[in-house]
There are 2 protein chains.
Amino acid sequence: MFDIKRLHVDTTTTLIAMEDEVDRLVAAWRRERPDLDVEPLEVLSRVSRLARHLDRARRLAFTEHGLESWEFDVLTALRRAGTPYQLSPGQLLTQTLVTSGTMTNRIDRLTKKGLVERLPDPSDRRGVLVRLTDEGRDRADQALAGLLAQERAILGELTRAQRGELAGLLRQLTAPFDNVPG
Amino acid sequence: MFDIKRLHVDTTTTLIAMEDEVDRLVAAWRRERPDLDVEPLEVLSRVSRLARHLDRARRLAFTEHGLESWEFDVLTALRRAGTPYQLSPGQLLTQTLVTSGTMTNRIDRLTKKGLVERLPDPSDRRGVLVRLTDEGRDRADQALAGLLAQERAILGELTRAQRGELAGLLRQLTAPFDNVPG
DNA sequence: GTGAAGTCTCTTGATGTCAAACATCTTGAC
DNA sequence: GTCAAGATGTTTGACATCAAGAGACTTCAC
């Protein structure tokens with residue numbers, strides 16, 4: 001088993017490692033269901049919970065720039081595509097992990113706000129291309145700067161080496177999802 | 001900068017490290033905005049995306065047990081509390097990271113399904129206690145076993161030591177959120 | 001005791017998301 | 001050519017979530 005929790009049984013110096021909600025969660029399971037091996041929760045429950053915290057923090061950061069989180073997701077996907085800043089709804093799906101109906105709705109709303117526009121795909125008459133307007137591009141750039149500042153603050157807990165290690169381990173978990181069309 | 005990506009420029013042996021969507025995302029930003037340091041995304045975008053993938057996988061696993069994800073979250077929080085399997089809505093909030101209105105709604109629906117029941121708090125007349133029914137307890141236990149099996153499969157990518165390391169690094173990021181009431 | 005401030009849960013209204021069905025177009029085997 | 005299978009984007013209806021605020025109760029200083 002892991003000894004990590006041993007590090008902070010001494011409550012006088014919590015500098016070494018703070019307990020988090022998942023520690024309490026896992027301890028509770030070990031008490032209630034000692035027959036079960038709940039070790040997987042140590043990793044994956046933390047991922048889920050951290051993501052929820054990040055969602056909330058991002059929401060706050062974006063409202064300062066007059067954007068919603070979902071708007072940021074779509075606008076930056078287009079921004080990353082480079083000139084002429086256009087992608088198909090299908091390409092946007094794989095980047096944002098939402099369903100196609102949701103994406104249609106998002107494009108509608110962004111079009112109404114003048115941040116993107118819909119064009120027919122010249123090479124496939126079923127298809128559509130979504131293009132960023134100039135204002136959409138500016139808004140995306142501003143919000144990205146804000147987001148990075150916030151994320152840097154959150155990651156201040158870790159050294160550069162730790163961040164690299166964490167990124168590598170997470171990549172091993174995400175790669176199967178991203179590469180097998182699931 | 002990180003050298004991690006260097007590991008898999010050789011496309012003949014991808015055993016070492018597979019590229020994921022965030023690698024592509026970061027590469028795109030470095031091309032489009034070379035003036036910006038987007039290193040924080042290497043960690044936090046992976047956390048968010050992995051969480052979305054996990055959400056989907058969990059949803060599938062739970063439907064096999066006739067439960068929704070949100071039902072699982074509430075039922076297991078009560079299950080972990082131990083006999084007599086009851087908590088206040090407020091305690092459930094902090095564990096599930098939803099707003100109070102959402103929790104009210106969840107308790108309503110679980111009550112209708114006969115999985116929990118609402119009792120007046122004997123020590124505080126503003127308060128309520130939510131208690132698991134016998135059926136609720138059984139359903140929670142079954143679904144937990146299913147979830148753990150699935151999570152073990154996902155984590156098969158990593159060695160035990162890597163899982164321990166990952167858990168430790170994630171704890172450092174989640175602890176500030178969990179301990180400073182935010 | 002009394003009042004102000006805080007806590008706890010529920011209600012309300014707006015909104016975003018999903019799953020599933022659908023219309024349109026493309027592709028490839030024959 | 002033609003037709004079935006697949007791909008693409010949209011529509012629909014149900015539903016869960018959130019933010020904000022209201023109502024009921026508790027706590028604590030005085």
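In the text below, chain A, chain B and the rest are named by the order of the sequence lines, each starting its count at 1.
A:Thr102 contributes no side-chain N or O that forms a donor-acceptor pair with the base of C:dC18 under 3.5 Å. Side-chain atoms of B:Arg126 and base atoms of C:dT9 include no donor and acceptor less than 3.5 Å apart.
At a threshold of 4.0 Å, the pair B:Glu71-B:Arg139 does not count as salt-bridged, since none of the basic side-chain nitrogens sits closer than that to a carboxylate oxygen. Ionic pairing of A:Arg152 and B:Asp37 is present here: one or more N-O contacts between side-chain nitrogen and carboxylate oxygen are shorter than 4.0 angstrom. Here A:Asp138 does not pair with A:Arg79 in a salt bridge; the nearest charged N to carboxylate O distance is not below 4.0 Å. Salt-bridge annotation for A:Glu42 and B:Arg163: absent, with no side-chain N of the basic residue lying under 4.0 Å from a carboxylate O of the acidic one.
Counting heavy atoms from C-beta outward, A:Gln95 and A:Arg80 have side chains that approach closer than 4.5 Å. Contact check for B:Leu173 versus A:Leu158: side-chain heavy atoms found under the 4.5 Å cut-off. Using a 4.5 Å cut-off on side-chain heavy atoms (C-beta onward), B:Glu157 and A:Pro176 make contact.
In this structure, CD1 of B:Ile107 is placed 14 Å from P of C:dC8, rounded to the nearest angstrom. Atom pair A:Gln91:CD and D:dA7:P shows a separation of 16 Å (rounding to whole Å applied). To the nearest angstrom, C1' of C:dC18 lies 13 Å from CG of A:Leu93. The distance between atom CG of B:Asp73 and atom C1' of D:dT17, rounded to the nearest whole Å, is 14 Å. Whole-Å rounding puts the B:Asn105 CG to C:dG13 P distance at 15 Å. Atom pair B:Glu68:CD and C:dT17:P shows a separation of 18 Å (rounding to whole Å applied). Rounded to an integer number of Å, the gap from CG of A:Leu92 to C1' of D:dT10 is 15 Å. Rounded to an integer number of Å, the gap from CG of B:Asp55 to P of D:dA16 is 15 Å.
If you check C:dT9, D:dT10, C:dC25 against the side chain of B:Ser100, the one that comes closest is C:dT9. With distances taken from any side-chain atom of A:Pro89 to the nucleotides C:dG16, C:dC25, D:dT10, the minimum falls on D:dT10.
Remark: B:Ser88 is in phosphate contact with C:dT9, judged by side-chain N or O atoms under 4.0 Å from OP1 or OP2. An OP1 or OP2 oxygen of C:dC10 is reached within less than 4.0 angstrom by a side-chain nitrogen or oxygen of B:Thr104. Between D:dC18 and B:Arg106, no contact under 4.0 Å exists linking OP1 or OP2 to a side-chain N or O.
For the pair B:Arg52 and B:Met103, nearest-nucleotide mapping onto DNA chain C gives the more 5' position to B:Met103. Map A:Leu129 and A:Arg59 each onto its nearest nucleotide of DNA chain D; the residue landing nearer the 5' end is A:Leu129. Residue order along DNA chain C, read from the 5' end via each residue's closest nucleotide, puts A:Leu97 first among A:Leu97 and A:Asp124.
When the local axes at the two ends of the helix from C:dG1-D:dC30 to C:dC30-D:dG1 are compared, using 5 base pairs at each end, they differ in direction by 30° after rounding to 10°.
Of the residues in residues 108-123 of chain B, B:Arg118 come within less than 4.0 Å of DNA chain C through at least one heavy atom, sorted by number.
When each of B:Arg30, B:Arg46, B:Arg49 is tested with B:Asp23 by the rule salt bridge (charged side-chain N to carboxylate O under 4.0 Å, His left out), just one qualifies, namely B:Arg46.
Of all heavy-atom pairs spanning B:Ala140 and B:Leu75, the tightest one is CB-CB, 4.0 Å.
Nucleic acid contact class of A:Gly90 (heavy atoms, under 4.0 Å, all strands): sugar-phosphate only.
Applying the ring pair (Phe, Tyr, Trp, His ring centres under 6.0 Å) rule to pairs touching residues 63-83 of chain B yields B:Phe62-B:Phe72, sequence neighbours excluded.
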